[in-house]
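Hydrogens, waters and symmetry mates are skipped; everything else that's a heavy atom, side chains included, is used. What you are looking at is a predicted structure, and each value in this text was computed from that prediction instead of being measured.
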Amino acid sequence: QLQNETQTILSVEEREVLEHFIHLNLNTNEKIDFTALIELKNKLIDRCLPDFRPTHLQRLLDESICLKLDCLLKDINDKAKKLRTLAHLMILDKYRYRLMTSTGDIKETIAHYTAVLAATCQQAAGNAMQDLKAIDKNIVFENVIVDEAARATPLDIMIPMAMAKRRLILVGDHRQLPHMLDDKIEKALSKQEDWKTVQREMLEQSLFQRLVENMQRLEEEKQQPQRVIMLDTQFRMHEVLGDFISKNFYENHKLPPIKSKRPPTDFIHGISGYESLVCGFKCIQDQKQQRLGTSWHRSSEAEWIAKEAKRILDEKPELSVGVISFYSGQIQSIFKAMEDPQVGLTVGNKIAENYRIITTGKNIGDERLRIGTVDAFQGKEFDVVFVSLVRTLPNDFSVEGLDDIHKDEALTRAYGFLRVDNRLNVALSRQRSLLIVTGDKELVVHPATQEAVPALPAFLKLCGGQHGKIF
């Protein structure tokens, strides 16, 4: 019975192939070609499968006709492969089919042949890079570029630096947010008796900044080639705001001026109450700063920002708005004020659905509203930015008669994060068209502020001119 079934299933040629491999001596050292056996196996599998076609198709074409059509198609393909005019088209069609059905293989192939790889500092030593090193253990790159290098810790930035064979390019701005440190480790080190002032300053200073300063010193003292290049043109904001940032955060540190390339007409916003203005200072003086957990907040500032942001977003749905504070407590207060039913910009600690993404204008798809501390805004930009200062001064505050050390300590206690020049630079440089600062005007005009945070009196003066308003 098995022999009869075999005779039914197999053709004469197929039976000969099977018998050939049955009597084949597998112990020989010669290389055996199993291609014919593999083809026979696939044919038998296809032949023994049930007919899964719909019933109406089965009635139109029986199995024998389908087999004849398969043979006909195979003959056509075999003949086409031998023709110069059709062979390359068949290869292209097969290639197109593989592109559509084998995306995983394509990604793997590209990874093997690509000349450019992107990763975070730590991912540069991750699994993906280790897979590449399995191919070549001595993998290095002719050129390595590290973006936001000023924010990377020394250990992190050393990973990609060690992979550069010919050229290393570090891109960053040490006048903005410094590298990120673990607060617990920083405090523990600072408490050690042998922890010197110089070591503490090195902990606060990024490796990027030390490299920049050392290379500039070598250029000046030992006539070394220029290795530090400053990008001196900004395209983000109105030229009036760009000049303000340049003078108060770069030129005052003996860095070259930053030029503004785009014309003022690129930044026309048309917001009622600020029509031709680029900056404003909202005086809120009816409340002192208050503790919220370990942080600070002023609910009066938060409530005004919530209402004004709502008005601007509803009036100009094509514009984006950022709300920045230096204190997490104030961020909580702003979220709470924006959750008010009459405002409705937030739901809990999330932006309300209608205010998340811009759906009209030239920036469709961009983030419409963001609320956060300065760290959440590094590298971001918005059409309109609110900066909440929060801080207020005691009525009898004075630093007169104090020596330099005690004066510095008193100013730091009074002004807090406002004294951190890098953070203030980031906070006041995220806007494109309009910057609105809210806070206690008495703090800004106090004589000590000129020494503690000179950029704040300069901004108030800017707001008092033709490009801004104090209200």
Side-chain angles (χ1 to χ4, degrees), residues 146-154 157 169-181 197-198 200-222 224 226-261 279 324 326 374-375 377-379 381 385 387 389 404-405 407-409 411-412 415-431 435 437 444 447-462:
V146 184
D147 192 18
E148 291 288 359
R151 296 224 68 195
T153 63
I157 203 172
I169 303 172
L170 304 180
V171 183
D173 185 354
H174 57 284
R175 295 297 310 137
Q176 294 193 18
L177 294 183
H179 59 186
M180 295 172 286
L181 296 173
T197 303
V198 174
R200 190 157 47 243
E201 289 177 356
M202 288 180 67
L203 187 66
E204 296 171 355
Q205 192 181 63
S206 68
L207 177 60
F208 177 86
Q209 182 175 348
R210 292 203 295 276
L211 287 172
V212 168
E213 293 175 353
N214 288 340
M215 288 179 181
Q216 287 177 328
R217 190 160 49 248
L218 286 173
E219 291 173 19
E220 296 172 0
E221 297 176 359
K222 299 187 178 181
Q224 290 286 317
Q226 183 183 8
R227 291 186 173 90
V228 178
I229 299 172
M230 181 172 174
L231 302 179
D232 60 357
T233 305
Q234 68 87 17
F235 298 86
R236 171 179 295 162
M237 67 191 81
H238 191 284
E239 61 182 9
V240 170
L241 296 169
D243 291 344
F244 167 77
I245 296 297
S246 177
K247 291 175 182 176
N248 289 277
F249 296 101
Y250 294 90
E251 293 177 49
N252 62 337
H253 288 275
K254 298 180 180 179
L255 293 171
I258 297 176
K259 301 186 290 289
S260 298
K261 195 72 173 178
C279 58
I324 305 174
F326 301 88
V374 181
D375 298 83
F377 280 83
Q378 175 84 10
E381 58 182 67
V385 169
V387 177
L389 298 181
D404 291 343
I405 295 176
K407 180 191 288 187
D408 186 68
E409 291 175 351
L411 291 174
T412 299
Y415 293 89
F417 285 132
L418 299 181
R419 290 205 72 198
V420 184
D421 209 35
N422 306 60
R423 303 181 77 83
L424 189 62
N425 180 16
V426 173
L428 299 181
S429 62
R430 300 302 98 191
Q431 70 291 329
L435 173 62
V437 175
V444 180
T449 306
Q450 186 62 50
E451 182 176 352
V453 196
L456 288 183
F459 181 75
L460 188 68
K461 182 179 179 180
L462 180 66

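One finds the CG atom of Leu460 at 10.0 Å from the OG1 atom of Thr449 (value rounded to the nearest 0.5 Å). Considering CG of Leu177 and NE2 of His174, their distance stands at 13.5 Å, rounded to 0.5 Å. Atom CD of Gln176 is separated from atom CZ of Arg151 by 9.5 Å, given to the nearest 0.5 angstrom. Atom CD1 of Ile324 is separated from atom CZ of Arg430 by 7.0 Å, given to the nearest 0.5 angstrom. Rounding to the nearest 0.5 angstrom, the gap separating the CD atom in Gln234 from the OG atom in Ser429 is 9.5 Å. A distance of 10.0 Å separates CZ in Arg175 from CG in Leu424, rounded to the nearest 0.5 Å.
Side-chain contact check for Arg419 versus Asp408: some heavy-atom pair is nearer than 4.5 Å. Looking at heavy atoms from C-beta onward, Val453 lies out of side-chain contact with Phe459 at the 4.5 angstrom threshold. Inter-residue side-chain proximity for Ile405 and Glu409 is flagged as met; some heavy-atom pair is nearer than 4.5 Å. Side chains of Val437 and Leu428 form a contact here, defined as non-hydrogen atoms less than 4.5 Å apart. Leu389 places a side-chain heavy atom less than 4.5 Å from the side chain of Leu456. When side chains are defined from C-beta on, Glu148 does not count as touching Val171, because their heavy atoms never get closer than 4.5 Å. Between Met237 and Ile245, some side-chain heavy-atom pair lies under the 4.5 Å cut-off.
Ring-plane geometry between Phe249 and Phe244 is classed as perpendicular, the angle between the planes exceeding 60 degrees on a 0 to 90 degree scale with a lower cut at 30.
No more than 12 heavy-atom neighbours from other residues, nucleotides or ligands sit within 6.0 angstrom of CZ on Phe417.
A distance-only check finds no donor-acceptor pair linking the side chain of His253 to the backbone of Leu255 [under 3.5 Å].
Qualifying side-chain contact (heavy atoms from CB on, under 4.5 Å) partners for Glu451, counting only residues two or more places apart in sequence or in other chains: Lys407, Leu411.
Looking at every heavy atom in both residues, Phe208 comes nearest to Asp173 through CE2-N, 4.1 Å. The shortest heavy-atom contact between Arg210 and Pro154 is NH2-CG, 4.4 Å. The two residues Arg423 and Val374 have their closest heavy-atom pair at O-CG1, 3.6 Å. Shortest non-hydrogen contact noted between Val228 and Met215 is CG2-CB, 3.8 Å. Taking every heavy atom of both residues into account, Ile157 and Leu170 meet most closely at CD1-CD2, 4.1 Å. Annotation for Pro257 and Ser246: closest pair CA-OG, 3.5 Å, computed over non-hydrogen atoms.
Residue pairs that meet the salt bridge (Lys or Arg N to Asp or Glu O under 4.0 Å) test with at least one member in residues 233-251, sequence neighbours left out, are Arg236-Glu381.
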